[in-house]
Novice: 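After the structure tokens below, expect a handful of questions from me.
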Amino acid sequence: MSKILENKVAVITGGGTGIGAAIADMFADEGAHVVVSGRSLETISEVAMRNNGTAIVCDVSKFDQVQALFNKAQLITGSVDILVNNAGVPGPVATIAEVNVDQWRNCAEINLFGAMYCMREAARIMCDQKSGSIINMSSLMGIEGYPMRSAYCATKFA
């Protein structure tokens with residue numbers, strides 16, 4: 001019986017733990033070649049190995065690393081069919097009057113700019129191949145604010 005994602009390449013950012021790892025497992029079970037991405041080679045390698053996928057280290061807040069991720073992913077079969085933008089950080093927990101601006105900026109670099117960098121690179125490939133799907137993970141905190149979580153709420157709303 002054919003699987004729904006057979007012969008598809010799925011790039012999963014933040015794929016080494018939690019929801020990202022579960023998505024990698026499910027996509028692989030449905031036949032996708034999963035490209036598991038994250039900042040820790042040890043963590044992503046474990047997920048990639050158990051799914052016969054590929055582990056590629058990438059900090060999504062670094063545009064050059066995102067470009068390298070998608071270049072390597074495309075070399076696997078010549079396509080990138082799915083992007084799951086799952087990488088994210090919770091950001092600082094503080095009142096706005098006391099928040100650490102560097103931590104706030106880091107949250108935005110990963111959750112907002114990182115997602116955009118990945119969408120840009122995936123879209124370039126998908127436009128050329130005239131197909132593909134981009135899935136952006138968000139949070140209920142992106143719909144309704146939450147006390148002392150301004151960075152996370154703002155980046156997930158965006």
Side-chain angles (χ1 to χ4, degrees), residues 3-6 8-74 76 80-94 99-100 102-123 125-126 132-158:
K3 296 185 177 190
I4 195 166
L5 298 178
E6 199 164 344
K8 303 290 184 187
V9 173
V11 174
I12 303 160
T13 68
T17 60
I19 293 170
I23 291 168
D25 294 342
M26 290 174 54
F27 278 31
D29 287 348
E30 287 300 325
H33 180 93
V34 292
V35 175
V36 183
S37 170
R39 295 184 290 184
S40 166
L41 181 59
E42 182 181 349
T43 306
I44 62 173
S45 292
E46 181 182 318
V47 176
M49 193 177 309
R50 75 173 175 243
N51 289 302
N52 295 316
T54 303
I56 301 175
V57 173
C58 177
D59 178 342
V60 297
S61 71
K62 311 289 187 222
F63 185 60
D64 60 329
Q65 290 186 32
V66 171
Q67 288 178 306
L69 165 65
F70 282 90
N71 288 337
K72 291 174 187 174
Q74 190 176 25
I76 294 167
V80 171
D81 303 291
I82 303 162
L83 162 63
V84 180
N85 244 336
N86 180 66
V89 295
V93 179
V99 74
N100 179 302
D102 290 332
Q103 291 174 350
W104 207 103
R105 181 176 287 113
N106 181 63
C107 182
E109 290 289 340
I110 294 169
N111 294 0
L112 180 58
F113 285 95
M116 190 280 296
Y117 295 156
C118 290
M119 287 188 292
R120 179 181 186 267
E121 294 307 298
I125 295 167
M126 292 173 183
S133 296
I134 297 174
I135 301 164
N136 291 318
M137 302 300 282
S138 188
S139 166
L140 290 175
M141 284 193 222
I143 298 170
E144 184 175 322
Y146 195 84
M148 299 179 34
R149 300 301 300 275
S150 62
Y152 187 76
C153 292
T155 60
K156 289 302 180 174
F157 184 77

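By convention here, the first residue in the shown sequence is residue 1.
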Novice: Taking the side chain as every heavy atom from C-beta outward, state whether Leu140 and Ile143 have any pair of such atoms under 4.5 Å apart.
Specialist: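 The answer is yes; the side chains approach within 4.5 Å.
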Novice: May I ask you to decide whether Asp29 forms a salt bridge with Lys3, counting only side-chain N to carboxylate O separations under 4.0 Å?
Specialist: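 Result for this pair is no, no salt bridge flagged.
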Novice: If you compare all heavy atoms of Ser45 against all heavy atoms of Leu41, which two are closest, and at what distance to 0.1 Å?
Specialist: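 What the structure gives for the nearest pair is OG-O, 2.7 Å.
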Novice: Does the side chain of Asp81 come within less than 4.5 Å of Met126's, by heavy atoms?
Specialist: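 They are not in contact (no side-chain heavy atoms under 4.5 Å apart), so the answer is no.
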Novice: Drop me the distance from Thr17's OG1 to Glu46's CD, to the nearest 0.5 angstrom.
Specialist: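 If I round to the nearest 0.5 Å, the distance is 10.5 Å.
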Novice: Ile12 versus Val35: any side-chain heavy-atom pair under 4.5 Å?
Specialist: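 They are not in side-chain contact.
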Novice: Can you tell me how far the CD1 atom of Ile82 sits from the CD1 atom of Ile23, to the nearest 0.5 Å?
Specialist: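 Between Ile82 CD1 and Ile23 CD1, I get 11.0 Å after rounding to 0.5 Å.
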Novice: Check step by step if side chain to side chain contact (heavy atoms under 4.5 Å, CB included) holds for Val34 and Thr54.
Specialist: CA-CA 6 Å; Val34 292; Thr54 303; over 6 Å; no
Novice: Please check if the side chain of Asp59 supplies one atom and the backbone of Arg39 the other of a donor-acceptor pair under 3.5 Å.
Specialist: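 Checked: no pair found.
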Novice: Do Glu121 and Gln67 come close enough that some side-chain heavy atom pair is under 4.5 Å?
Specialist: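 Glu121 reaches Gln67 side chain to side chain.
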Novice: For the atom pair OG (Ser139) and OH (Tyr152), what is the distance rounded to the nearest 0.5 Å?
Specialist: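 Nearest 0.5 Å value for the OG-OH distance: 3.5 Å.
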Novice: Considering all heavy atoms of both residues, which atom of Leu112 and which atom of Ala158 are nearest to each other, and what is their separation?
Specialist: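 Answer, listing the atom of Leu112 first, then Ala158: CD1-CB, 3.4 Å.
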Novice: Got a donor-acceptor contact below 3.5 angstrom from the Lys72 side chain to the Ile56 backbone?
Specialist: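 Between the backbone of Ile56 and the side chain of Lys72 there is no qualifying donor-acceptor contact (under 3.5 Å).
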Novice: Tell me, yes or no, whether the heavy-atom count around Phe113 atom CZ, taken from other residues, nucleotides or ligands under 6.0 Å, exceeds 12.
Specialist: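 For Phe113, atom CZ is not crowded (no more than 12 foreign heavy atoms under 6.0 Å).
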Novice: What's the shortest heavy-atom distance between Val60 and Cys118, and which atoms?
Specialist: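 Looks like CG1-SG, 3.8 Å.
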Novice: Got a donor-acceptor contact below 3.5 angstrom from the Asn51 side chain to the Gly53 backbone?
Specialist: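 It does not hold such a pair.
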Novice: Supply the atom-to-atom distance Glu144 CD to Cys153 SG, rounded to the nearest 0.5 angstrom.
Specialist: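 So the gap between those two atoms works out to 9.0 Å.
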Novice: The test is side chain to side chain contact (heavy atoms under 4.5 Å, CB included); show your working for Val84 and Val11 and say whether it passes.
Specialist: CA-CA 6 Å; Val84 180; Val11 174; over 6 Å; no
Novice: Roughly how far apart are Asn85 CG and Ser138 OG, rounded to 0.5 Å?
Specialist: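 Rounded to the nearest 0.5 Å, the CG-OG separation comes out at 11.0 Å.
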Novice: Is atom CD1 of Ile135 surrounded by more than 12 heavy atoms (other residues, nucleotides or ligands) closer than 6.0 Å?
Specialist: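 Yes, enclosed.
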Novice: Please report the closest heavy-atom contact between Gly88 and Asn111, naming both atoms and the distance.
Specialist: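 Closest heavy-atom pair between Gly88 and Asn111: CA-OD1, 3.0 Å.
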Novice: Cation over ring, Arg120 on Tyr117, under 6.0 Å and within 45°?
Specialist: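 Geometry flag: not set, cation outside 6.0 Å or 45°.
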Novice: For Pro92 and Gln103, which heavy atoms make the closest approach, and how far apart are they?
Specialist: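 So the minimum-distance heavy-atom pair works out to CB-OE1, 3.3 Å.
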Novice: Give me the atom names and distance for the closest heavy-atom approach of Ser37 to Leu69.
Specialist: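 Heavy-atom minimum between the residues: OG-CD2, 3.8 Å.
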Novice: Any sub-3.5 Å donor-acceptor pair from Thr13's side-chain atoms to Ala87's backbone N or O?
Specialist: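 Present.
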Novice: Could you tell me the separation between the CZ atom of Phe27 and the NE2 atom of His33, rounded to the nearest 0.5 Å?
Specialist: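 Here the interatomic distance stands at 14.0 Å.
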Novice: Do Cys58 and Val66 touch side chain to side chain, with heavy atoms closer than 4.5 Å?
Specialist: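 Cys58 vs Val66: side chains touch.
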